[in-house]
Asker: 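Here it is, the structure in full.
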Amino acid sequence: MNPHGSTDPGSGHHHIDIDWERMAAHLEAVGDVQLPVLRRTAARLRELLGPTRDVRRVLDIGSGPGVMACVFAEEFEGAEVVAVDGAPGLLDRVRARAERLGLGGRVSVRCAELPEDVVGGDRVGVDGPGTADLVWSGMALHHVGDQQAMVDGLARVVRPGGLLAVAEAGLPMRFLPRDIGIGKPGLQARLDAAGEHWFELMRAELPGSTDVIEDWPAMLGRAGLTDVGGFTTLLDVPAPLSAPARAFLSGHLTRARETVGEFLDDVDRTTLDVLLDPAAPEGVLRRPDAFLLSVGTVFTGVRPAR
Ligand SMILES: C[S@@+](CC[C@H](N)C(=O)[O-])C[C@H]1O[C@@H](n2cnc3c(N)ncnc32)[C@H](O)[C@@H]1O
């Protein structure tokens with residue numbers, strides 16, 4: 001069984017069999033590369049909460065290794081931050097990171113399966129993770145079958161006057177020129193198309209999978225939130241990349257090879273192999289032209305005071 005309960009890879013349900021714990025180091029590298037963006041995001045959320053709001057409790061739903069949870073603990077100095085995730089190995093990383101940063105006293109973890117352990121109807125605020133002034137979820141809600149029900153449930157755990165913030169959209173990352181001198185030009189566009197295909201299969205296989213127009217502001221509005229809006233952040237790391245940024249990019253392409261390799265043709269699969277070869281001069285660990293450019297959008301809504 002994988003950490004999120006899928007049992008039978010032979011049944012064709014393999015696109016939701018994501019081994020999050022095996023991806024732990026990569027997920028933390030993603031967060032580290034994004035740190036300046038995450039800090040700007042936390043500062044913007046503080047502005048949206050307003051200067052008079054005393055932020056006492058923050059929930060990070062689907063926290064992964066807790067990079068954002070720790071950023072919140074730094075931004076909201078008086079707050080307790082609870083990282084909620086279904087993968088115990090990732091929560092170990094949250095604890096270790098918080099200790100390392102001297103935030104251990106204010107960052108705690110909670111192992112919970114989405115959606116039932118977090119927004120399970122009457123249990124909200126009783127034996128769930130409780131309520132919070134700021135409820136954040138980054139790139140996790142699309143792993144839940146019924147995204148609207150999940151948003152509805154999260155809106156209920158926001159304290160009156162508090163904020164729900166969901167990072168779920170943006171643009172696929174760009175990291176190489178169109179023509180990279182090997183294989184066929186345009187690899188990134190084909191990776192994007194294959195990623196869309198994988199995403200569709202993954203969503204269809206989720207328990208309780210429900211189609212919804214992924215209009216996040218409309219979804220937040222239907223959940224009863226007001227002042228719905230959004231803002232977009234930019235990650236722009238020019239070439240030549242540092243060693244940690246290269247390692248992150250290599251992890252990104254390794255994951256692409258694993259998840260969407262089956263949807264690419266032989267030429268593109270071979271190109272990916274070369275890009276991932278640590279000894280190849282054309283590989284992303286060595287080539288001078290690799291960069292990171294990505295855009296993410298955060299959608300927000302306020303729980304009405306009464
Ligand atoms: C793509 S990662 C995002 C991690 C982090 N929020 C970030 O932005 O880097 C998705 C996270 O959601 C968690 N997750 C996915 N499905 C889940 C479920 N059904 N229940 C609990 N956690 C889940 C995974 O364990 C993983 O940590």
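Note that ligands are numbered from 1 as they come in the structure, with each ligand's atoms numbered from 1 the same way.
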Asker: For a salt bridge (Lys or Arg N to Asp or Glu O under 4.0 Å) with Asp133, tell me which candidate from Arg56, Arg159, Arg303, Arg57 qualifies.
Answerer: Arg159
Asker: Under 4.0 Å from a heavy atom of Gly64: give me the atoms of ligand 1 that qualify, with their elements.
Answerer: 4 (C), 27 (O)
Asker: Counting only heavy atoms closer than 4.0 Å, does ligand 1 sit against the backbone of Leu114, its side chain, both, or neither?
Answerer: both
Asker: Nearest to atom 6 (N) of ligand 1 by heavy atom, Gly145, Gly62, Gly31, Pro88: which?
Answerer: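 It is Gly62 whose heavy atom sits nearest to atom 6 (N) of ligand 1.
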Asker: Quick check on contacts: which atoms of ligand 1 are under 4.0 angstrom from a heavy atom of Glu113?
Answerer: 18 (C), 19 (N), 20 (N)
Asker: Ignoring hydrogens, just give me the one of Ala83, Ala112, Pro115 whose non-hydrogen atom is nearest atom 21 (C) of ligand 1.
Answerer: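 Residue with the shortest heavy-atom distance to the ligand atom: Ala112.
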Asker: Does a side-chain heavy-atom distance below 4.5 Å link Thr41 with Met68?
Answerer: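 In short, these two side chains touch, coming nearer than 4.5 Å.
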Asker: State the atoms of ligand 1, each with its element, that fall below the 4.0 Å cut-off from a heavy-atom position in Leu90.
Answerer: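 Answer, ordered by atom number: 25 (O), 27 (O).
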Asker: When hydrophobic residues are tied together by side-chain contacts of less than 4.5 Å, even through go-betweens, does Val81 share a cluster with Val157?
Answerer: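 No, no single cluster joins them.
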Asker: Is the NZ or CZ atom of Arg46 both under 6.0 Å from the centre of the six-membered ring of Trp136 and within 45° of that ring's axis?
Answerer: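 Arg46 over Trp136 ring: no.
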Asker: Please check if atom CD in Glu200 has more than 12 non-hydrogen atoms from other residues, nucleotides or ligands closer than 6.0 Å.
Answerer: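 No, not enclosed.
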Asker: N/O to N/O below 3.5 Å, does that happen between Asp60 and ligand 1?
Answerer: no
Asker: Heavy-atom distance to atom 7 (C) of ligand 1: which of Gly86, Gly138, Ala140, Gly296 wins?
Answerer: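 Minimum heavy-atom distance to atom 7 (C) of ligand 1 goes to Gly138.
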Asker: Would you tell me whether Ser209 and Arg203 have side-chain atoms, one donor and one acceptor, within less than 3.5 Å of each other?
Answerer: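 Result is no, nothing qualifies.
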Asker: If the cut-off is 4.0 Å to any non-hydrogen atom of His143, which atoms of ligand 1 fall inside it?
Answerer: 15 (C), 16 (N)
Asker: To the nearest 0.5 Å, how far apart are OG1 in Thr259 and NE2 in His197?
Answerer: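 Here the rounded value is 12.0 Å.
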Asker: Under 4.0 Å from ligand 1, counting heavy atoms only, is it the side chain of Ser63, its backbone, both or neither?
Answerer: backbone
